[in-house]
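The first residue of the sequence shown is numbered 1, and numbering continues consecutively from there. Just so you know, ligand 1 is whichever comes first in the structure, and atom 1 is the first atom listed for that ligand.
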Amino acid sequence: MLPDHRNDTQNLGFGTRAIHAGQRPDPTTGAIMTPVYQTSTYVQPELGRHLGYEYARTHNPTREALEGNLASLEGGKHGLSFASGLAATDTLMKLFSAGDHIVCGENVYGGTYRLFNQVISRMGIEFSFVDSSSVDAIRAALRPNTKLVHVETPTNPMMGITDIPAAAEVVHAAGALLSVDNTFASPYNQQPLALGADVVMHSVTKYLNGHSDMVGGVLVVNDDEIHERLRFLQNAAGGVPGPWDCWLVLRSTKTLHVRMAAHNANGLRIAQWLTEQPKIEKVYYPGLPSHPQHELAARQMRGFTGMITVETGSLEAARKFVNGVRIFSLAESLGGVESLIGHPASQTHASIPAERRNAMGLTDGIVRLSCGIEDVDDLIADLEQALAAV
Ligand code: PLP
């Protein structure tokens, strides 16, 4: 039997860990798949003695298997799963107190910006938003009371890259922690803990689950003390996922390496094709040599995913493009096996004020593609016929 993640699966390859880490056959029946422990409580044999499980907000075996699996995929020691990506980020925020200062990348997912700017900031925690693709900008924003620097890389949707090792050095020198939202890259393509980050966060909803049928989040850390504090908060605040959703993700991560290789290949091919289209003014894709941070991206990522952002030039052009697709679907979200197309300014990033959006290049003409793993020629033909109407 393969060991579970606690017994050093880190020596195994990514695909082997994707399939086995955190899991072992059910000890009662030998069922190879981890059961869905759909229970709220656990019977205790006698007062004062239990079998390691008392109440399902605190412990659930399906959730534990998922947490072990995701920790292993990020090359980390501890995983904590949550009911959504935002619930994971919200719990991370509860490590901090009134009077603390947090630096955040300016081009984060709109919901993250809204959580920080409209919810957490009301609790006396101050935020500075900076262009995290510049380590100098991060350094300049640090204050004596800065406790955390939180970045996305690549960013959603402008595909800016943060130099994780360089940022970690600057952040650690100031006595703060570095957390990385790794949702866009997936652990197959980028492992921030190995590059120096302290916390990795994911919207599990996206590439990790990959089948667009649940919402979830995860935090992965190496440090035992941070883990203990987060584990306390996970139970104390209670934003945990249900066991069925955990099981869906466990099934999905078994193919993460196969899916990501296909997303990477389709993404690169479609990005190259888009650069040749006269109706597309600009293509943002870190896998293209024309991306200003291509070399950095190639250094810290092994592939560039299926996420591509393009500038169509106007709201009208963007509208015609997204309305014209037939295989791509117009929808928020990303990272599923099926291709999606979206308009960040009116969908995922609508909660960011227009001036701030425009300052980052997130104009009304920006369209975001999440290239799935359908046959790439079909996807290109679909985009071609949609662009013909623009
Ligand atoms: N981080 C990124 C990069 C995202 O794209 C999203 C959602 O789109 C989130 C975080 C939030 O995750 P969730 O929607 O699972 O709460």
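Protein heavy atom closest to atom 9 (C) of ligand 1, with residue, atom name and distance, is Y109 CD2, 3.4 Å.
Taking every heavy atom of E152 and a limit of under 4.0 angstrom, the matching atoms of ligand 1 come to 3 (C). Close contacts of ligand 1 with G216, meaning ligand atoms under 4.0 Å from a residue heavy atom, involve 15 (O). Counting atoms of ligand 1 from 1 in the listed order, those under 4.0 Å from a heavy atom of N156 are 5 (O).
Distances from atom 15 (O) of ligand 1 to the heavy atoms of T205, V108, T153 show the closest one on T205. The heavy atom nearest to atom 14 (O) of ligand 1, out of those in M201, K206, H349, Q347, is found in K206.
Side chain of T305 to backbone of A185: no donor-acceptor contact under 3.5 angstrom is found.
Note on M159: it does not cluster hydrophobically with V151, by side-chain heavy-atom contacts below 4.5 Å among ILVMFWY residues.
Side chains of D224 and H78: a donor-acceptor N/O pair is present below 3.5 angstrom, by distance only. A donor atom on one side chain and an acceptor atom on the other are not found under 3.5 Å apart for E64 and Q23. No hydrogens or angles considered: nothing links the side chains of T41 and E54 as a donor-acceptor pair under 3.5 Å. Donor-acceptor pairing under 3.5 Å is recorded for the side chains of R356 and Y113.
Side-chain contact check for E152 versus V180: every heavy-atom pair is 4.5 Å or farther apart.
Assignment of D181 to the shell around ligand 1 is supported, since a heavy atom sits closer than 4.0 Å.
The shortest N or O to N or O distance between L86 and ligand 1 is below 3.5 Å. When only interatomic distances are considered, the shortest N/O to N/O separation between G85 and ligand 1 falls below 3.5 Å.
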